[in-house]
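Worksheet: the structure to be examined is printed underneath.
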Amino acid sequence: MGYWPPWSLQAFELTVTTYLGADGSLQQPLPAFASVEMRTGLYQDMVLTRTFDAKAIALQRTGRLGTYASCLGQEAVGVGIGRAMQPDDVLVPSFREHGAQLVRGVTLIELFAFWGGDERGSNFAVAQHDFPVSITVGGHAPHAAGVALAFKLRGQARASVCVYGDGATSKGDVYEAMNLAGVWRLPVVFVVNNNQWAISTPRKEQTAAIALSDKAVGAGFSGEQVDGNDVIAVHTVISSALDRARSGQGPHLVECLTYRLGDHTTADDARRYRDDGEVTRWWQQDPLARMRAHLTSEGVWSRDQEEALLKACAAKVEAAAEAYLAAPPAAPESIFDHLFARLPDALLDQRTAVMERAETDDA
Amino acid sequence: MGYWPPWSLQAFELTVTTYLGADGSLQQPLPAFASVEMRTGLYQDMVLTRTFDAKAIALQRTGRLGTYASCLGQEAVGVGIGRAMQPDDVLVPSFREHGAQLVRGVTLIELFAFWGGDERGSNFAVAQHDFPVSITVGGHAPHAAGVALAFKLRGQARASVCVYGDGATSKGDVYEAMNLAGVWRLPVVFVVNNNQWAISTPRKEQTAAIALSDKAVGAGFSGEQVDGNDVIAVHTVISSALDRARSGQGPHLVECLTYRLGDHTTADDARRYRDDGEVTRWWQQDPLARMRAHLTSEGVWSRDQEEALLKACAAKVEAAAEAYLAAPPAAPESIFDHLFARLPDALLDQRTAVMERAETDDA
Amino acid sequence: MPEHTLLEAVNLALRRAMSEDERVLVLGEDVGIDGGVFRATDGLYQAFGAQRVFDTPLAETVIAGAAIGLATQGFRPVAEIQFMGFIYSTIDQMVNHASRLRNRTRGRLTCPMVLRAPFGGGIRAPEHHSESAEAMFAHIPGLRVVIPSSPTRAYGLLLAAIADPDPVVFLEPKRIYRAFKEDIDTSSAPLPLDRCFVTRPGRDVTVVTWGAMHVEALDAAAIVEDEDIDVEVIDVATLKPLDEATILESVTRTGRLVIAHEAPLTAGFGAEIAARIAEKGLFDLKAPIRRVAGWDTVMPLPKLERLYMPTAAQIVNAIRSVMAYQ
Amino acid sequence: MPEHTLLEAVNLALRRAMSEDERVLVLGEDVGIDGGVFRATDGLYQAFGAQRVFDTPLAETVIAGAAIGLATQGFRPVAEIQFMGFIYSTIDQMVNHASRLRNRTRGRLTCPMVLRAPFGGGIRAPEHHSESAEAMFAHIPGLRVVIPSSPTRAYGLLLAAIADPDPVVFLEPKRIYRAFKEDIDTSSAPLPLDRCFVTRPGRDVTVVTWGAMHVEALDAAAIVEDEDIDVEVIDVATLKPLDEATILESVTRTGRLVIAHEAPLTAGFGAEIAARIAEKGLFDLKAPIRRVAGWDTVMPLPKLERLYMPTAAQIVNAIRSVMAYQ
Ligand SMILES: Cc1ncc(C[n+]2csc(CCOP(=O)(O)OP(=O)(O)O)c2C)c(N)n1
Ligand SMILES: Cc1ncc(C[n+]2csc(CCOP(=O)(O)OP(=O)(O)O)c2C)c(N)n1
Ligand SMILES: [Mg+2]
Ligand SMILES: [Mg+2]
């Protein structure tokens with residue numbers, strides 16, 4: 001494998017890309033891609049994501065979904081990533097990128113199934129090359145590098161996008177993957193979904209690095225920060241990084257500055273370790289409110305449209321939830337049927353036994 | 001654990017500290033510590049290290065030592081580190097720091113024993129707190145962080161020094177250790193013994209980072225490069241880093257630029273993968289020749305002194321080699337006797353069996 | 001005396017060890033102000049402060065590795081891995097360093113550390129949150145592997161693990177963290193780290209088990225009692241070093257052995273126990289040795305998890321099958 | 001036909017797989033121009049170029065992890081870990097990802113990769129260069145674990161491992177890398193990945209083994225031949241999935257079982273084989289099942305290494321001891 005002349009350290013000045021202020025006001029001229037249609041589309045995706053999120057929590061609270069990781073407040077990151085990608089790019093997500101997954105074509109039913117504890121939820125009908133959720137923090141980063149290497153070897157203009165949290169930046173796996181991507185100049189964009197907390201551990205106790213985007217320096221490529229609650233900014237920065245990656249200019253690290261408005265998961269109680277005040281302050285930065293204010297002030301979004309959208313999202317999510325709840329359970333033997341391409345003879349007895357056991361249990 | 005306000009990125013400009021040019025000429029005024037006595041001492045340590053190194057290779061070639069990793073050409077790094085440390089600092093070395101170990105009080109006999117395949121060689125009589133050689137690349141870095149944390153918790157003005165190669169900088173273990181040291185501001189100095197090769201993998205294929213000292217950026221502390229073939233420079237830079245660490249100013253990364261003049265180990269043949277020309281060029285940078293030229297030109301080192309030194313080193317090394325070769329083998333049951341503080345009853349039978357087996361084998 | 005769950009027992013043991021020995025430290029992800037995701041370290045940060053209890057960055061390799069460094073300097077670190085599914089990143093440190101430092105240096109540097117992790121399934125948790133990888137650690141020379149199955153044993157064994165001068169992997173069966181309570185005498189002595197516990201004496205068949213399966217074994221024993229089958233239940237407790245003598249003595253008496261564990265069957269630790277008896281107790285066996293274990297599959301996600309988990313019913317079947325041999 | 005060592009057989013299999021299938025890639029530390037520290041990949045870089053053979057940075061986790069990524073995209077990566085002592089950093093990737101991707105996605109993403117590593121002791125190597133950790137991998141559902149013990153089997157099994165649509169851990173007994181030669185038919189078919197090999201038929205006692213110990217087993221069989229003991233030797237070859245039937249059939253005939261491996265005794269893979277027979281072949285056993293294995297110690301450094309390594313002499317002792325039962 002060759003090496004490549006590294007970027008200059010100059011690339012690492014800290015500027016945070018933002019288009020929309022917290023009140024929705026424009027901070028700089030909009031990028032070319034941001035047509036009205038595109039902006040309303042981004043907003044609609046975020047609303048759908050939030051609607052799904054609320055339903056997932058509700059289902060969990062009533063015992064009809066497993067432990068669930070909410071993305072409340074981080075919708076702009078997921079949607080911005082998902083919309084910046086081309087269909088044949090590959091998403092290698094963590095567990096808080098529901099927005100990205102939805103935009104990529106993962107269905108609401110698949111998401112409910114996954115979080116409901118059904119492997120079929122990761123057998124995406126549409127996003128067939130995307131990776132499933134990685135529950136191990138950081139363990140998926142090496143895969144993104146491998147996927148990008150495959151694209152490079154085949155000379156394809158495709159890229160992989162690896163998303164992980166602020167906590168994950170402390171894992172050696174992530175570092176090793178970035179270092180490999182750097183030295184082999186792989187078409188991969190690393191995205192830190194920095195929601196300021198890793199369960200109870202705040203960002204500042206995770207690392208002394210000035211910015212998490214600085215983690216790219218040691219891997220020999222560039223990084224930058226973006227306002228993660230500004231979906232236009234996220235989209236812009238990740239689109240450019242992807243363009244560069246696909247055209248052979250190597251990896252890039254994007255740190256999205258955002259905030260986890262909810263608990264870590266439905267099994268967590270964030271009030272044990274963080275101030276309500278902090279949460280309240282970050283609600284001022286709500287990515288949905290910001291975008292809605294922007295669209296309203298531009299006169300391209302009305303109260304009627306808003307109501308219709310909320311209704312439509314609720315209907316979609318309800319329908320998906322019902323389909324999820326009504327889905328027949330997977331067959332008992334399915335726990336053996338996807339272990340290998342062909343089940344080794346040595347396991348046939350166990351497969352039979354689990355079917356028998358299921359019958360006995362049901363009887 | 002608290003966090004600390006990180007260093008500024010400004011600290012990362014690339015300057016390579018050097019005092020002695022390749023011809024021994026002074027590049028800048030000598031630092032205060034570098035008395036004539038100190039300089040001749042450093043030179044003597046390097047010569048002893050090289051004498052040991054040659055003998056170790058010779059013993060290996062004749063089947064009387066195990067696989068051995070030569071430090072030929074890297075003596076200034078080892079000796080510079082060893083002399084910069086205080087006795088109660090703790091060295092956490094890789095496998096190419098024989099010079100540092102010798103200066104720290106590890107005996108020649110212990111070194112021979114270790115490389116001869118005898119665990120007793122790591123039971124240092126003098127350097128009692130130092131770690132043994134780490135054969136796993138990078139696996140020792142977390143230990144250095146833990147040791148430094150112990151010093152910090154006890155409020156002791158001590159530091160640990162963790163040394164590893166250019167190849168090791170790619171390991172996630174090293175990154176995790178540096179990140180922890182950064183965020184907890186631990187008194188540890190990380191030293192990259194950058195000899196340009198990791199077996200057959202050149203530095204440039206290891207990482208796209210501009211300098212290996214840049215690896216500190218992501219961990220939130222400072223790093224710098226030093227001419228690793230200039231023992232005065234190595235000593236100076238590491239001494240200052242240690243002073244800062246001991247006084248609570250946190251970790252630092254020092255990249256020593258040097259070169260592996262020999263094969264990776266006695267089991268390697270470097271001509272398979274690198275140019276003789278490169279090796280010849282680096283011989284011009286020989287740390288011993290450079291220091292000798294300097295001392296000679298300063299009029300503080302004579303041909304007689306040189307001859308006497310070589311003779312004395314040879315005699316010391318020969319005596320140690322003989323003592324090593326004459327040492328009675330460890331008892332068979334010693335393979336059980338240091339596994340636990342008290343051998344569990346469950347293993348008593350095995351211990352007896354190995355003693356019986358040794359008798360049968362000998363008979 | 002107050003009644004305590006297994007989880008509380010872990011907390012009480014940590015508290016007592018920290019009170020009695022200032023060398024004891026606690027580190028891991030979210031072990032501080034949050035008290036651990038299961039609350040095993042609840043209140044320790046508040047009671048002992050930031051010099052004794054550390055929230056680490058999210059990095060399991062350096063959690064284990066820094067604990068090793070601390071241990072060499074005379075501290076007694078108790079490192080928590082949040083779930084056993086994330087313990088694999090520590091294996092390199094545990095096998096290549098923790099288990100070897102004493103031997104490597106002929107006793108000069110030692111490694112009195114405890115690596116704690118909740119393990120096992122049955123709580124409908126996400127992927128990787130239900131692992132039972134004890135067999136991997138039990139294969140590593142120089143380590144102790146301890147698994148409590150009741151509040152009192154959790155208390156006494158954890159005290160012993162912390163006091164032990166060598167590295168101990170301490171795995172806590174999270175399914176029974178809060179399943180039942182026992183009285184805990186907080187002035188009691190540590191329990192031995194090289195003994196199995198006969199938790200129910202019996203005549204006809206020996207059931208050897210550990211962790212959350214111990215409860216299933218007791219349930220199974222109660223069920224077959226009605227069939228006049230008298231089951232002896234042994235909680236292995238310390239898998240390494242294994243107290244072979246207690247198991248052998250029992251099987252010699254009963255002539256029948258059933259081994260139950262949650263981990264996948266193949267190369268699980270049950271195999272080791274079967275192998276020992278097949279060597280040393282063969283001629284006392286009246287019946288084949290049966291293992292009740294997890295399938296050789298990946299642990300299913302919650303919807304099908306119950307089909308993976310061995311339960312009292314499977315143990316009962318195994319007991320009946322060995323009782324068929326007279 | 002030319003004669004080849006086991007090491008050359010590995011090289012020949014890689015060469016053939018790379019020639020016949022352009023999806024096959026080789027990656028690892030020093031596998032390129034250097035041809036690997038043992039020369040297993042010698043000449044591949046020169047023959048197939050920098051698009052097929054990659055020297056990686058020194059980072060085992062991402063070697064395994066990048067191989068997983070490549071595999072999901074239709075490549076067939078063969079990743080080398082330089083020595084098994086450095087494989088522990090890959091366990092998280094292998095257990096949490098490689099072995100599960102297919103199952104996790106119901107077959108949508110698959111992981112046809114091979115993780116190769118030289119393993120075992122007896123070559124007077126430095127610390128960590130003599131590991132036998134096969135039991136850890138054999139416990140992981142969803143993986144195959146393959147260990148050849150001769151040049152022809154190395155050739156046929158590695159071809160099969162590379163062609164297999166699922167992840168395979170392929171461990172090469174480095175002590176016999178160059179110990180003996182065999183003819184290799186480079187047009188031969190791959191060998192099955194679910195069969196043990198009966199390498200010496202016999203009547204009186206079954207010796208089951210793998211890796212470098214296989215040679216010791218054959219030597220032991222030859223030694224006791226003079227005592228009129230007829231030994232059947234079985235090379236397990238594929239530890240996972242285990243071909244229980246072949247072993248069981250043999251033990252049913254001979255009534256005696258000796259298992260020999262280099263890894264430490266406790267929770268070694270020998271235990272699994274003993275446990276299977278103690279369940280399914282108990283009443284055919286005339287003698288206790290004996291395991292000849294490494295001690296439950298850290299592998300000693302070279303000076304005392306010979307006291308660790310099980311040899312033909314220990315196997316002979318075990319054979320005699322089981323023959324004492326009639
Ligand atoms: C390797 C690993 N260690 C520990 C955990 C348990 N855990 C799950 S999420 C989490 C925090 C993750 O923080 P971050 O990376 O910031 O992502 P976030 O949850 O904030 O999105 C932890 C510790 C895990 N899943 N994987
Ligand atoms: C974790 C690990 N992987 C692989 C090896 C095999 N190995 C021994 S030394 C070495 C190269 C080390 O290079 P570097 O870190 O630059 O140190 P140097 O040998 O040049 O001093 C390798 C790959 C090892 N010892 N440990
Ligand atoms: Mg976070
Ligand atoms: Mg090097």
> Should the ring pair C/His129 and C/Phe86 be called parallel, tilted or perpendicular, given that the plane angle runs from 0 to 90° and is split at 30 and 60?
Replying inline: perpendicular
> Under a 4.5 Å heavy-atom cut-off, does chain C meet the side chain of A/Val354, its backbone, both or neither?
Replying inline: both
> What part of A/Pro329 gets closer than 4.5 Å to chain C, counting heavy atoms only: side chain, backbone, both or neither?
Replying inline: neither
> Which of the residues C/Gly85, C/Ala125, C/Pro57 is involved in the greatest number of heavy-atom pairs with chain A at under 4.5 angstrom?
Replying inline: C/Pro57
> So do the side chains of A/Leu102 and A/Leu111 get within less than 4.5 Å of each other, counting heavy atoms only?
Replying inline: yes
>> Looking only at heavy atoms and a cut-off of under 4.5 Å, which of C/Arg306, C/Glu127, C/Glu305, C/Arg39 has the most pairs with chain A?
In response: C/Arg39
>> Within the 3.5 Å criterion, strictly below it, is a donor on A/Gln74 or A/Asn195 matched to an acceptor on the partner's side chain?
In response: yes
> Is a side-chain donor-acceptor pair under 3.5 Å present for A/Ser213 with A/Gln225?
Replying inline: no
> Side chain, backbone, both or neither: which part of A/Ser334 has a non-hydrogen atom closer than 4.5 Å to chain C?
Replying inline: side chain
> Quick one: what part of C/Gln82 sits under 4.5 Å from any heavy atom of chain A, side chain, backbone, both or neither?
Replying inline: side chain
>> Is A/Ala331 close to chain C through its backbone or its side chain, or both, or neither, when contacts mean heavy atoms under 4.5 Å?
In response: backbone
>> Please classify the contact of C/Val37 with chain A as side chain, backbone, both or neither, using a heavy-atom distance under 4.5 Å.
In response: side chain
> Out of A/Arg351, A/Gln350, A/Lys171, which one racks up the most heavy-atom pairs below 4.5 Å with chain C?
Replying inline: A/Gln350
> So what's closer than 4.5 Å to chain A heavy atoms on C/Glu29: side chain, backbone, both or neither?
Replying inline: neither
>> Measuring from atom CD of A/Gln206 to atom CG of A/Asn194, what distance do you get when rounded to the nearest 0.5 angstrom?
In response: 9.5 Å
> Any luck finding a side-chain donor-acceptor pair between A/Tyr68 and A/His98 under 3.5 Å?
Replying inline: yes
>> Report which part of C/Tyr308 has an atom under 4.5 Å of a heavy atom belonging to chain A: side chain, backbone, both, or neither.
In response: backbone
> In terms of heavy-atom pairs under 4.5 Å with chain A, which of C/Thr61, C/Asn317, C/Leu304, C/Thr266 leads?
Replying inline: C/Leu304
> Which bit of A/Ala353 comes within less than 4.5 Å of chain C, counting heavy atoms only: side chain, backbone, both or neither?
Replying inline: both
> When you look at CZ of C/Arg52, are more than 12 heavy atoms from neighbouring residues, nucleotides or ligands closer to it than 6.0 Å?
Replying inline: yes
>> For a 4.5 angstrom cut-off between non-hydrogen side-chain atoms, does A/Trp115 reach A/Gln60?
In response: no
> Are side-chain heavy atoms of A/His140 and A/Phe131 found at a separation under 4.5 Å?
Replying inline: no
> Side chain, backbone, both or neither: which part of A/Ile335 has an atom under 4.5 Å from a heavy atom of chain C?
Replying inline: both
> Given that the side chain runs from C-beta out, which part of A/Ile199 has a heavy atom under 4.5 Å from chain C: side chain, backbone, both or neither?
Replying inline: both
> In terms of side-chain heavy atoms, does A/Arg96 have a donor or acceptor partner in A/Ser94 at a distance below 3.5 Å?
Replying inline: no
